Undergrad: 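One structure, as structure tokens, below. Some questions next.
All values reported here derive from a predicted model rather than from experimental measurement. Just so it is clear, the values below take in all heavy atoms, side chains as well, and ignore hydrogens, waters and symmetry mates.
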Amino acid sequence: MKKTFYTLCIAAVFVSCNLDEFPLDKLAPENYFNNEAELKTFTNTFYQQNFPEASSIYSESADVIIVTTLQPEVSGTRTVVNEGGGWDIGSWQPLTYINNYLHYSHRCSDTKARERYDGVARFFRAYFYFEKVKRFGDVPWYDRPLKSDDPDLYKARDPRELVMSKILEDIDYAIDKLPQEQNVYSVTQWTALALKSRICLFEGTFRKYHGIAGHEEYLDECIEAAERFIDESPYQIYKGSQTPYRDLFSSNNAISTEVILARDYEIGLNIIHNANNYTLSNTYGMPGLNKKIVDSYLKTDGSRFTDVPGYATMEFYQEMQDRDPRLTQTVRGPGYTRIGQTDRLSPDFSCSTTGYQLTKWVTDPSQDGYNKSYNDIILFRAAEVYLNFAEAKAERGTLTQTDINKSIKPIRDRVGMPNLDMEEANDNPDPYLTSDVTGYPHVSGENKGVILEIRRERTIELIAEGHRYYDMVRWKEGKMFEQEFKGMYFTPGMNSDGYRIYDLDGSGDVSALDVCLYTTSSAPKAADHPELAVIKTFLKIGSAFELTGAAGGNIIVHNTETEPREWREDRDYLYPLPLSQIQFAPDKIKQNPNW
């Protein structure tokens with residue numbers, strides 16, 4: 001049985017709502033932290049307290065995966081709340097555990113053990129503060145336990161520069177002290193290098209695109225950490241099956257070839273999540289891939305799909321042919337079968353807003369149903385570090401084809417895609433990726449083309465892994481959330497009886513995998529139209545979904561005319577602080593701009 005990091009342990013008794021007091025009827029810290037076992041037991045709780053749950057990863061939406069109810073960040077409906085909002089005592093409590101551990105760990109006389117688990121603690125403090133900086137910008141830095149009456153409890157926010165420098169100190173300590181041995185369920189030196197590359201890429205590109213000084217330093221730190229990982233770590237891109245990209249996420253046990261750290265799920269311990277049900281039922285938002293992302297996948301020969309004449313009006317079967325294999329290992333394509341099954345299945349429109357039904361994280365049918373999934377959820381993997389390296393070098397202006405060969409090429413090799421050619425990309429930047437509607441209009445400079453291609457690669461490789469929203473934040477591309485979200489295209493033209501059959505599986509014959517769209521008040525009957533006898537999916541235009549045309553076109557999700565979305569460039573890249581926290585110390589704690 002896999003070793004899980006969800007085991008409740010004695011650390012849970014060590015922190016009360018007063019931040020440093022310990023219940024008198026429990027074991028006092030002065031009698032604990034004596035040996036390696038006790039340090040390990042205490043630090044095990046950091047995993048559960050700090051890392052996201054499975055649902056926070058597979059339910060990613062932003063502008064890549066469209067669900068029935070938009071997140072407030074995307075719709076522009078965030079408000080300043082009175083309580084919570086990520087700044088309440090509960091959200092800071094994981095830091096209290098970390099600082100309490102570091103305050104008492106000196107009691108252990110085993111220097112090697114103490115340094116190792118201090119490295120774990122400082123890894124998590126870096127992770128904790130990185131998440132706070134991403135959300136709020138300036139935050140107060142605390143590196144010691146606080147009493148409930150400590151004057152620093154409601155001190156002013158420390159400048160971003162100070163907090164980031166402290167984060168780097170912590171993650172560098174973790175890199176130095178954590179073990180090198182691979183362990184897919186515990187943080188190691190390699191996890192720390194991966195986190196550092198993530199932190200520094202975010203901060204470097206955020207500063208560059210938001211006009212904050214010092215982006216070069218962070219990009220250089222990202223490059224150094226990522227390159228060390230690539231050159232020295234035992235990790236590589238997993239290629240060990242016919243569908244390696246799909247299998248990486250559907251595997252019950254994390255594939256340690258590539259996975260640096262995962263959340264461990266165990267059906268026998270009732271440690272489960274809901275990935276299958278999220279994707280295969282109609283009660284969790286009906287997630288569907290946005291048409292603009294589907295179109296961004298390259299063709300199998302490495303050429304751009306969006307350069308093909310008529311690409312925007314291709315029907316499902318045609319648009320899925322000869323594409324980057326990751327597309328049909330991410331959504332249901334023609335001929336799709338469940339893992340371990342032989343029955344071909346078409347997209348289920350009752351479970352997908354756009355018709356592009358997700359299959360990433362979906363396992364075999366034995367895990368179908370509410371909270372029956374137990375495949376491990378990946379938190380860090382090698383492909384992300386490779387992408388961090390390539391992007392940081394491109395943004396820094398130091399990228400070479402050799403760098404691409406050791407970062408982007410292995411990722412593409414996994415699925416048999418041609419390598420990225422830096423010179424070609426820069427000579428001919430993709431108009432689709434520079435568009436105000438489908439791309440990233442703020443990219444400029446000599447490396448414009450290759451930066452766009454690396455963003456393409458990042459988007460499709462890391463989709464539904466929890467990265468997209470903050471990628472758009474750091475790139476300063478929040479206005480993209482205002483664009484129309486579209487789905488599958490259906491050629492207009494109903495027959496005289498007000499319906500049309502669409503061939504989703506490319507069989508050329510009417511089959512159970514096809515779909516019938518109709519405009520009449522009720523669905524056409526097989527008794528009147530024998531060719532409909534085997535059709536299982538009947539969809540009424542204007543009821544099941546809205547199309548761009550009266551009798552055909554693209555599926556429209558969250559029509560911007562009836563559901564307008566607004567992104568404010570002067571405000572929305574940071575979250576607001578809750579009013580209650582400002583009211584505690586209004587002379588010290590200030591609200592984020594324009595909230």
Undergrad: So, taking the atom named NZ in K208 and the one named NE2 in H215, what distance separates them when rounded to the nearest 0.5 Å?
TA: 5.5 Å
Undergrad: Could you tell me which non-hydrogen atom of E453 sits nearest to which non-hydrogen atom of L433, and how far apart they are?
TA: OE2-CD1, 4.2 Å
Undergrad: Step by step, work out the side chain to side chain contact (heavy atoms under 4.5 Å, CB included) result for V74 and F485.
TA: CA-CA 11 Å; V74 175; F485 298 151; 4.0 Å; yes
Undergrad: Apply salt bridge (charged side-chain N to carboxylate O under 4.0 Å, His left out) to the pair K299 and D301, showing each step before the final yes or no.
TA: CA-CA 5 Å; K299 294 177 66 63; D301 62 4; 5.9 Å; no
Undergrad: Given E391, which of R396, R198, R474 fulfils the salt bridge (Lys or Arg N to Asp or Glu O under 4.0 Å) condition?
TA: R474
Undergrad: Within the 3.5 Å criterion, strictly below it, is a donor on K360 or Y245 matched to an acceptor on the partner's side chain?
TA: yes
Undergrad: Considering the options F206, Y209, Y440, which one meets the ring-ring contact (aromatic ring centres under 6.0 Å, His included) requirement together with W475?
TA: Y440
Undergrad: With distance as the sole criterion, is a donor-acceptor pair present between the side chains of D247 and Y238 under 3.5 Å?
TA: no
Undergrad: Using ring-ring contact (aromatic ring centres under 6.0 Å, His included) as the criterion, point out the one residue from F380, F229, Y386 that pairs with Y235.
TA: F229
Undergrad: Determine whether the side chains of D509 and S511 contain a donor N or O and an acceptor N or O closer than 3.5 Å.
TA: no
Undergrad: Can you confirm whether S350 sits close enough to Q357 that some side-chain heavy atom of one is under 4.5 Å from a side-chain heavy atom of the other?
TA: no
Undergrad: Establish, for the pair R323 and Y356, whether the NZ or CZ atom is under 6.0 angstrom from the six-membered ring centre and no further than 45 degrees off its axis.
TA: no
Undergrad: Measure the acute angle between the ring planes of Y311 and Y432, then classify it against the limits of 30° and 60° as parallel, tilted or perpendicular.
TA: perpendicular
Undergrad: Answer yes or no: does atom NZ of K406 have more than 12 heavy-atom neighbours from other residues, nucleotides or ligands under 6.0 Å?
TA: yes
Undergrad: Considering the options R414, K409, R412, which one meets the salt bridge (Lys or Arg N to Asp or Glu O under 4.0 Å) requirement together with E457?
TA: R412
Undergrad: Between the side chains of N371 and N277, does any donor sit under 3.5 Å from an acceptor?
TA: no
Undergrad: Does the side chain of N426 come under 3.5 Å of the side chain of N447 through a donor N or O and an acceptor N or O?
TA: yes
Undergrad: Run R304 and L298 through side chain to side chain contact (heavy atoms under 4.5 Å, CB included) and show every step you take.
TA: CA-CA 5 Å; R304 302 187 295 229; L298 298 172; 4.1 Å; yes
Undergrad: Could you measure the distance from the CD1 atom of I66 to the NZ atom of K291? Nearest 0.5 Å is fine.
TA: 14.0 Å
Undergrad: Between N252 and Q367, is there a side-chain donor-acceptor contact under 3.5 Å, judged purely by atom types and distance?
TA: yes
Undergrad: Can you label the angle between the F349 ring and the F545 ring as parallel, tilted or perpendicular, going by 30° and 60°?
TA: tilted
Undergrad: Is there side-chain contact between R455 and V443, with heavy atoms separated by less than 4.5 Å?
TA: yes
Undergrad: Please give me the minimum heavy-atom distance between I223 and A392, naming the atom from each residue.
TA: CG1-CB, 3.6 Å
Undergrad: Can you say whether the rings of F123 and F51 are parallel (under 30°), tilted (30 to 60°) or perpendicular (over 60°)?
TA: perpendicular
Undergrad: How long is the straight-line distance from NZ of K372 back to OG1 of T363, given to the nearest 0.5 Å?
TA: 11.5 Å
Undergrad: Check whether the side chains of E563 and S75 place a donor and an acceptor atom closer than 3.5 Å, and report yes or no.
TA: no
Undergrad: D63 and Q483: side-chain donor and acceptor closer than 3.5 Å?
TA: no
Undergrad: Please evaluate residues T188 and Q182 with respect to the criterion side chain to side chain contact (heavy atoms under 4.5 Å, CB included), reporting the C-alpha separation (whole Å), side-chain torsions for both, the decisive distance (0.1 Å), and the verdict.
TA: CA-CA 7 Å; T188 65; Q182 287 181 268; over 6 Å; no
Undergrad: More than 12 non-hydrogen atoms from neighbouring residues, nucleotides or ligands closer than 6.0 Å to CD on E224, yes or no?
TA: no
Undergrad: Excluding sequence neighbours, so at least two apart, what forms salt bridge (charged side-chain N to carboxylate O under 4.0 Å, His left out) with R565?
TA: none
Undergrad: Looking just at side-chain N and O atoms, do E319 and Y297 make a donor-acceptor pair shorter than 3.5 Å?
TA: no
Undergrad: Evaluate ring-ring contact (aromatic ring centres under 6.0 Å, His included) for Y573 paired with W567, printing each intermediate quantity in order.
TA: CA-CA 9 Å; Y573 289 105; W567 179 274; 5.0 Å; yes
Undergrad: Under 3.5 Å, is there a donor on one side chain and an acceptor on the other for D403 and T400?
TA: yes
Undergrad: May I ask you to test the P347-L504 pair for a side-chain heavy-atom distance under 4.5 Å?
TA: yes
Undergrad: Less than 6.0 angstrom from the centroid, inside 45 degrees of the normal: does K134 satisfy that with respect to the ring of Y470?
TA: yes
Undergrad: Could you measure the distance from the OG1 atom of T306 to the CG atom of D430? Nearest 0.5 Å is fine.
TA: 4.5 Å
Undergrad: Is any side-chain heavy atom of H273 less than 4.5 Å from a side-chain heavy atom of R263?
TA: no
Undergrad: Just wondering, are more than 12 heavy atoms of other shown residues or ligands nearer than 6.0 Å to CD in E424?
TA: no
